Asks: 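Have a look at this one before I ask anything.
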Amino acid sequence: MSKLDLRSQVIDALRILAWNQYSQENPNQYSTILEWYQEFKQIWDVHEFHSMTLTEIMNELPGYSIETLIKFRIDYYKKKANFIKFKEQKMNLEKIYLNS
């Protein structure tokens, strides 16, 4: 994996962590989660991490390793995929139940 790919994945992991923190500290005042996330995204998109190298980013994160952040990101997307799959299965069961 290239340094650019690693950097992108590390930044994505940080975005997930930042969103988790933001959503805990800032109650949803919007009608949809998407609107709430858009508020966060405006802040995130101008964060200094976007203009830093991978080395500079990691220097700002004592106690974190690239491996830890990549693993966190992978685990997050696995959980998200499993949740989506569960929701789809639940919807299918509800359709079957309603049609019977």
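Heads up: numbering here begins at 1 and tracks the sequence. Source: prediction; values computed, not measured.
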Asks: What heavy-atom pair brings His50 and Trp44 nearest, and what distance separates the two atoms?
Replies: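 The answer is NE2-O, 2.9 Å.
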Asks: Answer whether the closest heavy-atom distance between the side chains of Trp36 and Gln29 falls below 4.5 Å.
Replies: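 No, every pair of side-chain atoms sits at 4.5 Å or beyond.
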Asks: Check this for me: Tyr64, atom OH, are more than 12 non-hydrogen atoms of other residues, nucleotides or ligands nearer than 6.0 Å?
Replies: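 Not more than 12 within 6.0 Å, no.
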Asks: To the nearest 0.5 angstrom, please state how far the CD1 atom of Ile57 sits from the CZ atom of Arg7.
Replies: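 Taking CD1 in Ile57 and CZ in Arg7, the distance rounds to 5.0 Å.
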Asks: Do Lys71 and Asp75 sit within salt-bridge range, that is, some charged N less than 4.0 Å from a carboxylate O?
Replies: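 Yes, Lys71 and Asp75 are salt-bridged.
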Asks: Would you check if Thr55 and Asn59 make a side-chain contact, meaning some heavy-atom pair closer than 4.5 Å?
Replies: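 The answer is yes; the side chains approach within 4.5 Å.
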Asks: Side-chain donor-acceptor contacts of residues 10-20 below 3.5 Å, not counting sequence neighbours, with atom names and distances?
Replies:
| residue | atom | partner | partner atom | Å |
| --- | --- | --- | --- | --- |
| Asp12 | OD1 | Arg15 | NE | 2.9 |
| Asp12 | OD1 | Arg15 | NH2 | 2.8 |
| Asp12 | OD2 | Arg73 | NE | 2.8 |
| Asp12 | OD2 | Tyr77 | OH | 2.9 |
| Arg15 | NH1 | Tyr37 | OH | 3.1 |
| Arg15 | NH2 | Tyr77 | OH | 3.0 |
| Asn20 | ND2 | Ile16 | O | 3.4 |

Asks: Counting distance only, does the side-chain N/O of Glu60 pair as donor-acceptor with the main-chain N or O of Glu56 below 3.5 Å?
Replies: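 Absent.
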Asks: Between Ile66 and Met58, is there a side-chain heavy-atom distance shorter than 4.5 Å?
Replies: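 With C-beta onward as the side chain, the pair touches.
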Asks: Taking only residues two or more places apart in sequence, or in another chain, which ones meet Gln38 in a side-chain contact (heavy atoms from CB on, under 4.5 Å)?
Replies: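 Counting only residues at least two positions away or on another chain, Gln38 forms a side-chain contact (heavy atoms from CB on, under 4.5 Å) with Leu34, Lys41.
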Asks: Going by the rule side chain to side chain donor-acceptor pair (under 3.5 Å), which residues pair with Tyr22 if we only count those two or more places apart in sequence or in a different chain?
Replies: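 Here the qualifying residues are Glu39.
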